[in-house]
Amino acid sequence: MNEKKLGLFSVVSTGVGLIVATTCLMSLCQGSAAIGGMFIVSIVLACALNMITAASLAELNALMPNLTGGLAQYTLAGLGPFVTLVSMVGGYIVCNALMAPSEGAMFGLAIVELTGTAIPSSVISVALTVILIVINLMGVDMFAKIQDIVAFLLIGSLLLLGIIGMIGAGTGVQVSQPLNLTGDIMDGINMAAAAFWLFIGVEFIIPIAKYVDNPKRNIPVGMFLSLGIICIIQIVMLLGLHNYTNWSELAASDTPHILYGISLLGNAGKVWVGLVTVLAAISTQNSVINSITKICYGMAKMNMLPSIFQKTNKNGSPYIGILLYGAVIVAIEATGLASASSLGFMILVASVFWMVSYIISHINLLVLRRRMPKAPRTFRIPLGPVIPVIGIVGMLYMIVNISTDPAERALILTIDAIIFVILAIYAAFWTKYKLKMPLFKPLSIEKVMAMENPLYFEVRKRDSVRMKGNKGNSVPIT
């Protein structure tokens, strides 16, 4: 696994792999149907804010390189264990455990619609997840091979579908409708929260940094390229939607991306978009299973999750995490809890968690800059604190405007608040009784990076036993 390093293409394909999902296609269609071409403003603004987050993460990675826990380890060094647990368990582990099965459900429905098979879609969804679990157990090289192929086909298909629609080269009947449904640019700004989901997940590149060739360059460049490519594709797709689907019909459809395919190229378009849905589901679940389990692996090294998540197989894969996380996804798919009907609402609920995690990333950067201003960094954001502060303000604005419907916005924020309270109770309990640490006392960067070595806690445990044997005369490792 360590002999052959991953190149820039693999880095970009990993970033694109999680970003481009069926849920993203649905968000694009719903946002476009709401305000038309003005949604381009939302797309560009959301992309810019996510690029700022990517820049903060790139600088944090330059300061603390090759850490498998990524944001978890940055937050432990910046803000302490309590904030780390709340942000990581809520913003990543829980959110992706809910969203990955939705991708699997869309995969199953697409296969049923394409083939007409009598096999239940839930069975097909489970089969996909099981296959991807096996692939990820085979190691990072196999993950990269699958991801490179799928990402290439996915990007190419979406770009071609968008270009065909944009230039009016489809076989379907073009519609005559205004590009913009609103002339107020503030509508586009206020819809940025809806466009935010089109770009989330680029930070999942961070956990594979140690396997990347020339990570000093390829990690930041890979994140920026991933976001830029997605931004272009989404804008081109929106222009295609304008030419071939009525905004009102797009808003009323449960599968608006399939509607676009049919309107653009008839049955051939239905099959093509169905295949894109399949590729997006494969790509997203593959990225989630790989990256989330590596984050769990990194958090276990810091004693913030049970040590069982540190166990790896002969291929270097954290197999316990892969099997357990995969089992959760399979269980949700098998019970039919993941469905397209509630997808839009779930996306907005999950978006708040992700935005909070991104705000924490910016705060980590500002804190560590103040604490270690002269520490060497191979990547540094210019203009001092200005850009990270803009990122924080932008994320807060999107949270406040998470939905244009006041009732829905209140419900979303209420649900998120309840979940945050539950996570806070868990984080306080784990920090006090398991970690035996002050809630908000950050660890030194040196200690956090030392935790990357699996022997760290073994040595601490052995030293603790020795100290008790000597009736407190030994000095614990700090």
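Small disclaimer: the values here were computed from a predicted structure and weren't measured.
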Problem - Least distance between heavy atoms, R409 atom then I402 atom - result: CG-CG2, 3.7 Å
Exercise for the section: Evaluate the criterion side-chain contact (heavy atoms from CB on, under 4.5 Å) for residue pair L365 and I381; output intermediate values, then yes/no. Expected result: CA-CA 10 Å; L365 177 63; I381 302 174; 3.7 Å; yes
Practice task
Using the six-membered ring wherever Trp is involved, compare the ring planes of Y358 and F196 and label them parallel, tilted or perpendicular (cut-offs 30° and 60°).
Solution key: perpendicular
Exercise for the section: Measure the shortest side-chain to side-chain distance between M237 and Y260 over non-hydrogen atoms and say whether it is less than 4.5 angstrom. Expected result: yes
Handout entry: F429 atom CZ, neighbour heavy-atom count above 12 within 6.0 Å
Key = no
Completion exercise
Nearest heavy-atom contact between F309 and G321 is CD2-CA, 3.7 Å
Practice task
Quick one: pull up CD1 in I363 and CG in L368 and give me the separation to the nearest 0.5 Å.
Solution key: 11.5 Å
Problem - Straight-line distance of L49 CG to M395 CE, nearest 0.5 Å - result: 5.0 Å
Problem - Pair S403-E408, side-chain donor/acceptor within less than 3.5 Å - result: yes
Handout entry: Minimum side-chain heavy-atom gap I322-S317 below 4.5 Å
Key = yes
Practice task
Answer yes or no: is there a donor N or O on one side and an acceptor on the other, between the side chain of R369 and the main chain of N364, under 3.5 Å?
Solution key: no
Exercise for the section: Take F82 and F440 through the ring pair (Phe, Tyr, Trp, His ring centres under 6.0 Å) test and state the conclusion after the steps. Expected result: CA-CA 6 Å; F82 178 81; F440 300 102; 5.2 Å; yes
Handout entry: V236/L158 under side-chain contact (heavy atoms from CB on, under 4.5 Å): CA gap, chis, key distance, verdict
Key = CA-CA 9 Å; V236 170; L158 286 174; over 6 Å; no
Problem - Side chains of V44 and I235 in contact at under 4.5 Å (non-hydrogen atoms) - result: yes
Exercise for the section: Report yes if the side chains of I124 and T117 come closer than 4.5 Å at any heavy-atom pair, otherwise no. Expected result: yes
Exercise for the section: Kindly indicate whether the side chain of N218, heavy atoms from C-beta on, has any atom under 4.5 Å from the side chain of V12. Expected result: no
Problem - Side-chain donor/acceptor of E59 to backbone N/O of R380, under 3.5 Å - result: no
Handout entry: Closest non-hydrogen atom pair, M191 against A34
Key = CE-CB, 3.9 Å
Practice task
Search all heavy atoms of V356 against all heavy atoms of F420 and return the closest pair with its distance.
Solution key: CG2-CZ, 3.9 Å
Handout entry: Side-chain heavy atoms of L423 within contact of L85, under 4.5 Å
Key = no
Exercise for the section: Verify the neighbour count for atom CG of L396: are there more than 12 heavy atoms of other residues, nucleotides or ligands below 6.0 Å? Expected result: yes
Problem - R371 side chain to A77 backbone, donor-acceptor under 3.5 Å - result: yes
Practice task
Output the distance between atom CG (L324) and atom CD1 (I308), rounded to the nearest 0.5 Å.
Solution key: 6.5 Å
Exercise for the section: Give a yes or no answer on whether the side chain of N50 reaches the backbone of L227 with a donor-acceptor pair at less than 3.5 Å. Expected result: no
Handout entry: Exam field: side chain N61 to backbone L57, donor-acceptor pair closer than 3.5 Å
Key = no
Practice task
Look up atom CD1 in I360 and atom OG in S87, then write down how far apart they are to the nearest 0.5 Å.
Solution key: 4.0 Å
Exercise for the section: Answer with yes or no whether the side chains of N136 and Y319 bring together a donor and an acceptor at under 3.5 Å. Expected result: no
Practice task
Could you grab the distance from atom CD1 of I359 to atom CD1 of I392, nearest 0.5 Å is fine?
Solution key: 7.0 Å
Exercise for the section: Decide yes or no on side-chain contact (heavy atoms from CB on, under 4.5 Å) for L79 and T84, but give the supporting numbers first. Expected result: CA-CA 7 Å; L79 300 173; T84 301; 6.0 Å; no
Exercise for the section: Could you check if a side-chain atom of R217 sits within less than 4.5 angstrom of a side-chain atom of L8, using non-hydrogen atoms only? Expected result: yes
Practice task
Show your working on side-chain contact (heavy atoms from CB on, under 4.5 Å) between F199 and I43 and close with a plain yes or no.
Solution key: CA-CA 9 Å; F199 300 98; I43 292 172; 3.7 Å; yes
Practice task
Determine the interplanar angle of the W354 and W197 rings, folded into 0 to 90°, and report it as parallel if under 30°, tilted if 30 to 60°, perpendicular if over 60°.
Solution key: perpendicular
Problem - Shortest non-hydrogen separation from N313 to L137 and the atoms involved - result: ND2-O, 2.9 Å
Handout entry: Side-chain heavy-atom pair T129, L132 within 4.5 angstrom cut-off
Key = no
Problem - S444 backbone acceptor or donor facing K447 side chain under 3.5 Å - result: no
Completion exercise
On a heavy-atom basis, the closest approach of K441 and P81 is O-CD, 3.5 Å
Fill in the blank from the handout: Separation between SG (C29) and CG (L238), nearest 0.5 Å, reads 9.0 Å
